2 protein chains.
Amino acid sequence: MTNPDPNSIEDAVIAAILARRLKPGTRLGEAKLAEVYGVSRTRVREAMMRLETRGILQVSARRGWFIVEPSAQEARAAFEARRVIEAGILQSLARPSDAALRELRRHVEEERCAVLAGDAGARACLLGDFHIHLASAIGNPLLTEILRDLTARTTLVSMLYQSDLHAAESSEDHHRILALVEAGDVAGASRLMAEHIHRVEAGLDLSARPDPLAELRGLLAPAGTP
Amino acid sequence: MTNPDPNSIEDAVIAAILARRLKPGTRLGEAKLAEVYGVSRTRVREAMMRLETRGILQVSARRGWFIVEPSAQEARAAFEARRVIEAGILQSLARPSDAALRELRRHVEEERCAVLAGDAGARACLLGDFHIHLASAIGNPLLTEILRDLTARTTLVSMLYQSDLHAAESSEDHHRILALVEAGDVAGASRLMAEHIHRVEAGLDLSARPDPLAELRGLLAPAGTP
DNA sequence: TGCACCAGTCTTGTATACCAGACTGGTTCG
DNA sequence: CGAACCAGTCTGGTATACAAGACTGGTGCA
């Protein structure tokens with residue numbers, strides 16, 4: 001249980017965000033994490049700083065480390081970055097290996113199952129993972145890494161701005177994108193991917209300021225909240 | 001002189017790389033940097049770790065921090081990433097602001113002057129800066145940041161694999177790309193950018209293993225080096 | 001009642017002490 | 001002569017101690 005792996009903390013945080021188990025604004029105390037992972041504060045601090053440079057955490061002086069709460073502007077930037085990069089990837093995706101295609105096909109099927117089963121947790125996780133798998137399909141670790149962090153960011157955004165998250169539609173989009181890739185229609189796949197990300201972004205309400213008291217409203221103000 | 005700014009070290013290292021004043025494989029000792037910047041080793045270590053997660057430095061246990069020496073495979077990945085992202089940026093660069101265009105135009109002129117004047121240092125620096133400026137022209141800090149780190153990487157690659165660095169050609173490419181952008185031909189600009197980066201990559205000899213003794217050969221083995 | 005103030009506590013910020021591994025140069029033994 | 005060995009030194013790795021700021025809750029004064 002006491003994992004000595006130094007970047008296990010980083011990976012755990014990223015994974016938890018992608019699985020929507022860590023919400024934006026969550027505080028991560030150094031002491032607490034040190035205890036949980038059985039390491040000293042020094043190591044925890046390292047991981048926190050690394051995650052900060054990756055744009056996942058923010059530090060508030062002498063208050064703690066917090067999962068970032070992207071502003072509307074930052075949210076748009078994150079989606080734009082994903083659009084640019086993912087469309088670019090598909091466009092230059094000359095010939096993915098058969099193994100990669102099979103893996104993607106399998107993933108899309110898994111998505112479908114989760115959507116049909118109504119398993120919200122697995123579903124959200126898989127829908128984000130598709131994009132990461134797609135990036136890794138071209139075998140460029142740099143792009144995969146960049147896209148993983150970007151996907152974590154947009155996941156936070158969608159948690160913050162209450163997306164409707166039309167899971168079925170998204171899964172369908174993924175299916176069609178993959179079909180175009182398999183057919184060798186890189187331009188079409190690229191265009192559809194851009195549209196897809198646009199759609200997801202459009203499903204958010206970026207005009208609404210995120211409400212730090214959101215989870216309290218239901219508890220304390222039953223009737224006439226103006 | 002004793003700059004208290006915490007990320008001044010990071011910026012200084014990146015800037016030095018872009019200006020080709022720090023070569024791949026250079027060792028950066030914690031104690032040395034701490035003395036130079038008048039801070040404690042703790043702060044230096046922070047900066048080093050941040051640069052490591054940005055892919056600029058590498059740590060060799062108990063030996064020191066080194067500027068990365070990308071392998072041929074990593075080099076190709078870096079160029080591919082730049083191609084994907086920069087082509088993508090240009091393609092979705094709907095309408096750059098007039099101010100941004102003026103800035104880019106000015107930059108290209110400056111490049112030309114440096115090329116004509118034969119100022120190798122300024123020239124190399126400016127040629128890399130063009131791409132960063134272009135990224136910042138669309139006003140997306142995320143993409144700018146990503147591209148800065150990627151450009152630092154490819155700069156290291158070109159130092160390592162002795163590019164011929166046809167500065168005049170590159171500057172000319174930049175000029176033409178900007179002209180296409182101004183003409184609103186995003187597809188053309190995008191295509192030309194991809195070609196441009198390809199050309200730069202092709203100017204390298206990625207098959208040659210970098211030689212750690214390169215700088216000694218000229219000194220010690222004047223005649224018959226097999 | 002309401003506001004300002006203040007001690008106490010909690011959390012990160014920073015420096016430093018000490019440890020362990022890697023390298024160096026010299027020495028000794030075959 | 002050469003190779004193995006062995007202190008000595010230098011480096012980063014890690015933990016810890018302590019400082020300083022932010023928050024909390026309570027108290028006293030107007």
Side-chain angles (χ1 to χ4, degrees), chain A residues 1-13 16-17 22-69 211-213 215-216 219-220, chain B residues 1-13 16-17 22-69 211-213 215-216 219-220:
Chain A
M1 273 301 162
T2 60
N3 196 332
D5 189 2
N7 40 2
S8 70
I9 301 179
E10 275 176 88
D11 293 345
V13 171
I17 289 174
L22 273 178
K23 294 189 196 318
T26 303
R27 176 170 171 280
L28 299 179
E30 293 182 5
K32 187 68 168 290
L33 289 178
E35 189 189 355
V36 168
Y37 286 92
V39 301
S40 82
R41 255 187 66 210
T42 308
R43 311 289 292 283
V44 173
R45 244 177 113 60
E46 276 185 30
M48 297 293 107
M49 282 187 308
R50 290 194 140 97
L51 286 169
E52 189 188 27
T53 83
R54 290 169 69 179
I56 304 297
L57 293 186
Q58 241 175 335
V59 64
S60 175
R62 266 163 256 266
R63 282 178 15 88
W65 299 86
F66 297 86
I67 311 278
V68 293
E69 301 181 272
D211 183 356
L213 302 175
E215 45 189 74
L216 299 179
L219 296 171
L220 301 177
Chain B
M1 270 307 160
T2 59
N3 197 333
D5 187 3
N7 42 1
S8 69
I9 300 179
E10 275 176 88
D11 293 345
V13 171
I17 289 174
L22 274 179
K23 294 191 197 317
T26 304
R27 177 170 170 278
L28 299 179
E30 292 184 6
K32 187 68 169 290
L33 288 177
E35 188 190 356
V36 168
Y37 285 93
V39 300
S40 81
R41 255 185 66 206
T42 308
R43 311 288 293 284
V44 173
R45 244 177 113 63
E46 277 185 30
M48 297 294 106
M49 280 188 309
R50 290 193 140 96
L51 286 170
E52 188 187 29
T53 82
R54 292 168 68 180
I56 304 297
L57 293 186
Q58 242 175 335
V59 64
S60 174
R62 265 164 259 266
R63 284 179 11 89
W65 300 87
F66 297 85
I67 311 278
V68 294
E69 301 182 271
D211 182 356
L213 303 176
E215 44 190 74
L216 299 180
L219 296 171
L220 300 178

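Residue numbers begin at 1 in each chain, while the letters A, B, ... track the order of the sequences. What you see is a predicted model, and the numbers here were worked out from it, not measured in a lab.
- Applying the 4.0 Å criterion to OP1 and OP2 of C/dA22, one finds that B/Arg27 has every side-chain N and O outside that range.
- With distances taken from any side-chain atom of A/Val59 to the nucleotides D/dA15, C/dT12, C/dC18, the minimum falls on C/dT12.
- In the model, A/Trp65 has a side-chain atom that pairs as donor or acceptor with a side-chain atom of A/Glu30 under 3.5 Å.
- When the options A/Val36, A/Val39, A/Leu28 are evaluated for a side chain to side chain contact (heavy atoms under 4.5 Å, CB included) with A/Val44, the one that passes is A/Val39.
- If you take CG of B/Leu28 and P of D/dG12, they are 10 Å apart, rounded to a whole angstrom.
- Atom NZ of B/Lys32 is separated from atom P of D/dC10 by 14 Å (rounded to the nearest Å).
- The CZ atom of A/Arg45 sits 17 Å away from the P atom of D/dA17 (whole-angstrom rounding).
- When atom types are taken as modelled, the side chain of B/Arg43 and the backbone of B/Ala34 share no donor-acceptor pair closer than 3.5 angstrom.
- Between the CZ atom of A/Arg62 and the C1' atom of C/dC10 there is a distance of 12 Å, rounded to whole Å.
- If you take CD of A/Glu46 and C1' of C/dG13, they are 15 Å apart, rounded to a whole angstrom.
- With hydrogens and angles ignored, no donor-acceptor pair under 3.5 angstrom links the side chain of B/Arg43 to the base of C/dG13.
- Of the two residues near DNA chain D, B/Ala61 and A/Arg63, the one whose nearest nucleotide lies more 5' is B/Ala61.
- Under 4.0 angstrom from either OP1 or OP2 of C/dT14 there lies no side-chain N or O belonging to B/Thr42.
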